Amino acid sequence: MEPLDEFLPYAQSCLKHPAERARLEALLTLWVGKWRGKHRILDPSRSHHGAFLHFNQLMNGKWVQAFTFVATRREGVCLRGPDPDRSRKSHKFRHNPLDAAPLDALFEAWSLHPEARPAGHAVEFFLEETPDDVWAACLAEALAQLGA
């Protein structure tokens, strides 16, 4: 769980309440635990904008960022996805284009939740605003749409 160990301390520092920090740890532990397989990897990163935990999947022979947990000091922690750049990536490889249909289906499924906020070609779920049953539903939808 090295990628989670890299992301979690910064993400927890973006939250004010200890209960939210514990909730975030439980939530991310579950998501990371379910994101297993030789065609899935986690990629943590940091910048002056915050910390990111990218959930990547091999689709049509290309690594695609399916969705990302984002932690910033100003906004807290949110889940952003599916990959907002999926339409560009579907045309990037002219000889072997990416089939973005699974990501589009995930976008449609996540958009139906009232807690989802529009974020360009993606949606965002903020930790403080999203109940645990919606987090569980989003994880189940991601695994179903992207192939468990």
Side-chain angles (χ1 to χ4, degrees), residues 1-89 92 98-100 102-148:
M1 287 220 188
E2 188 178 309
L4 182 58
D5 295 339
E6 225 175 290
F7 175 77
L8 190 59
Y10 182 88
Q12 287 178 319
S13 74
C14 296
L15 301 171
K16 294 177 183 164
H17 303 289
E20 288 296 305
R21 293 182 189 132
R23 183 172 172 239
L24 175 65
E25 183 173 5
L27 175 83
L28 286 176
T29 301
L30 176 66
W31 280 64
V32 167
K34 296 284 185 177
W35 197 256
R36 296 272 186 231
K38 64 180 183 176
H39 299 295
R40 292 183 172 158
I41 60 171
L42 296 167
D43 181 28
S45 64
R46 293 265 309 258
S47 75
H48 63 280
H49 297 292
F52 307 88
L53 184 59
H54 306 286
F55 286 69
N56 300 328
Q57 180 162 327
L58 188 65
M59 298 175 67
N60 304 108
K62 297 166 219 44
W63 285 103
V64 177
Q65 176 187 303
F67 48 86
T68 302
F69 277 90
V70 180
T72 63
R73 300 233 185 258
R74 177 185 274 179
E75 296 179 357
V77 178
C78 74
L79 166 66
R80 185 176 300 145
D83 183 7
D85 208 16
R86 64 188 179 276
S87 56
R88 181 189 65 81
K89 287 180 181 172
K92 183 177 179 185
L98 174 70
D99 177 16
L103 295 171
D104 291 337
L106 182 58
F107 173 79
E108 293 302 322
W110 283 3
S111 295
L112 296 176
H113 296 285
E115 296 83 3
R117 290 186 183 183
H121 294 290
V123 292
E124 292 178 331
F125 293 90
F126 284 87
L127 182 70
E128 303 84 23
E129 301 171 355
T130 307
D132 290 340
D133 61 327
V134 175
W135 285 115
C138 287
L139 176 59
E141 290 161 355
L143 295 174
Q145 298 297 337
L146 301 176

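Computed from a predicted model, the values in this text were never measured in an experiment.
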Exercise. What's the shortest heavy-atom distance between Gly76 and Glu128, and which atoms?
Worked result: CA-OE2, 4.5 Å
Exercise. Side-chain contact, heavy-atom cut-off 4.5 Å: Glu115 with Pro131?
Worked result: yes
For this session: Kindly say whether His49 contributes a backbone atom to a donor-acceptor pair with the side chain of Ser47 at under 3.5 angstrom?
Result: yes
Seminar exercise, completed: Minimal heavy-atom distance between Pro102 and Leu146, with the atoms involved, is CB-CD2, 3.9 Å
Problem set entry | Heavy-atom pair with the smallest gap, counting every atom of Trp110 and Val123 | CB-CG2, 3.8 Å
Exercise. Can you find a heavy atom in the side chain of Lys34 that is under 4.5 Å from one in the side chain of Leu139?
Worked result: yes
Problem set entry | Separation of Cys14 SG from Leu24 CG (nearest 0.5 Å) | 9.5 Å
For this session: Report the C-alpha distance between Glu25 and Thr29 in whole Å, list the side-chain angles of each, state the deciding distance to 0.1 Å, and finish with yes or no for side chain to side chain contact (heavy atoms under 4.5 Å, CB included).
Result: CA-CA 6 Å; Glu25 183 173 5; Thr29 301; 4.1 Å; yes
Exercise. Where the side chain of Asp43 meets the backbone of His54, is there a donor-acceptor pair that is under 3.5 Å apart?
Worked result: no
Seminar exercise, completed: Closest non-hydrogen atoms of Ala122 and Gly81, given as atom of the first, atom of the second and distance, are CB-O, 3.5 Å
Problem set entry | Minimum heavy-atom distance between Gly50 and Thr72, given as atom pair plus value | CA-CG2, 4.4 Å
Problem set entry | Nearest-0.5 Å distance that lies between atom CD in Glu124 and atom OG1 in Thr68 | 11.0 Å
Exercise. Say you draw a straight line from CD of Glu6 to CG of Leu42; how long is it, rounded to the nearest 0.5 Å?
Worked result: 11.0 Å
Exercise. If you take all heavy atoms of Arg73 and Tyr10, which pair is closest and at what distance?
Worked result: NH2-CE1, 3.3 Å
Problem set entry | Test log, rule salt bridge (charged side-chain N to carboxylate O under 4.0 Å, His left out), inputs Arg117 and Glu129 | CA-CA 10 Å; Arg117 290 186 183 183; Glu129 301 171 355; 2.3 Å; yes
Exercise. Mind checking whether Leu28 and Leu8 have side chains closer than 4.5 Å, heavy atoms only?
Worked result: yes
Problem set entry | Test log, rule side chain to side chain contact (heavy atoms under 4.5 Å, CB included), inputs Phe125 and His113 | CA-CA 9 Å; Phe125 293 90; His113 296 285; 3.8 Å; yes
For this session: With the side chain counted from C-beta on, respond yes when Phe126 and Glu75 share a heavy-atom pair under 4.5 Å apart, and no when they do not.
Result: yes
For this session: Starting at CG of Leu58, measure out to CH2 of Trp63 and round the result to the nearest 0.5 Å.
Result: 5.0 Å
Exercise. What residues form a ring pair (Phe, Tyr, Trp, His ring centres under 6.0 Å) with Phe55, not counting sequence neighbours?
Worked result: Trp35, Phe67, Phe69
Problem set entry | side chain to side chain contact (heavy atoms under 4.5 Å, CB included) assessment of Gln57 paired with Val64 | CA-CA 5 Å; Gln57 180 162 327; Val64 177; 5.7 Å; no
Seminar exercise, completed: By side-chain contact (heavy atoms from CB on, under 4.5 Å), Gln145 pairs with (sequence neighbours left out) Ala105, Leu106
For this session: Rounded to the nearest 0.5 Å, what's the gap from CH2 on Trp135 to CG on Leu30? Could you check?
Result: 11.5 Å
Exercise. Is there side-chain contact between Trp31 and Leu53, with heavy atoms separated by less than 4.5 Å?
Worked result: no
Problem set entry | Note, Leu15 side chain near Leu127 side chain (heavy atom, < 4.5 Å) | yes
For this session: Check the side chains of Ser13 and Arg21 for a donor-acceptor pair under 3.5 angstrom, ignoring hydrogens and angles.
Result: no
